[in-house]
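Working notes, structure below.
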Amino acid sequence: MSDSLWTAFALVLVIEGLLPFVSPAAWRRVFQQVLALRDGQIRFFGLLSILLGLALLAL
């Protein structure tokens with residue numbers, strides 16, 4: 001279990017690092033757009049991300 005958790009965490013870091021590495025300007029634009037969102041909108045996207053992750057784990 002512990003090994004799987006660390007592997008999953010490592011993969012998250014790799015995936016999260018791809019866009020800033022490949023295209024820093026696009027990453028900066030996306031980050032500025034996220035900063036312009038209201039708290040409720042950010043929470044909604046967070047909830048969608050959690051539900052999508054749980055659905056993928058269930059498969």
Side-chain angles (χ1 to χ4, degrees):
M1 173 72 177
S2 178
D3 289 340
S4 296
L5 186 62
W6 284 112
T7 301
F9 183 64
L11 286 173
V12 166
L13 291 175
V14 168
I15 292 168
E16 288 288 328
L18 284 175
L19 186 59
F21 178 75
V22 173
S23 181
W27 181 84
R28 187 174 288 117
R29 281 193 308 272
V30 169
F31 200 79
Q32 288 173 342
Q33 290 173 346
V34 169
L35 287 174
L37 295 175
R38 294 186 307 259
D39 287 350
Q41 292 171 312
I42 294 172
R43 283 192 180 103
F44 177 74
F45 285 113
L47 177 63
L48 283 180
S49 177
I50 291 168
L51 293 176
L52 180 61
L54 289 173
L56 288 173
L57 283 174
L59 293 176

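Only a predicted model underlies this, so the values are computations on that prediction, with no experimental measurement involved.
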Under 4.5 Å between side-chain heavy atoms, chaining through other members, with only Ile, Leu, Val, Met, Phe, Trp and Tyr counted: pull out the rest of the cluster around L47, sorted by chain and number.
L51
If every non-hydrogen atom of G17 is compared with every non-hydrogen atom of P20, which pair is closest and at what distance?
O-CD, 3.5 Å
Side chain to side chain contact (heavy atoms under 4.5 Å, CB included) involving [X] - partner list, sequence neighbours excluded:
| X | value |
| --- | --- |
| A26 | S23, R29 |
| R28 | Q32 |
| F21 | none |
| L52 | L56 |

Do L19 and L35 sit in the same hydrophobic cluster, where Ile, Leu, Val, Met, Phe, Trp and Tyr count as joined when their side-chain heavy atoms come under 4.5 Å apart?
yes
Indicate if W6 and L13 have the same hydrophobic cluster label, given that clusters are the connected sets of ILVMFWY residues with side-chain heavy-atom separations under 4.5 angstrom.
yes
Beyond-backbone contact of F45 with L37, side-chain heavy atoms, under 4.5 angstrom
yes
Using the ring-ring contact (aromatic ring centres under 6.0 Å, His included) criterion, which residues pair with F31? Sequence neighbours excluded.
W27
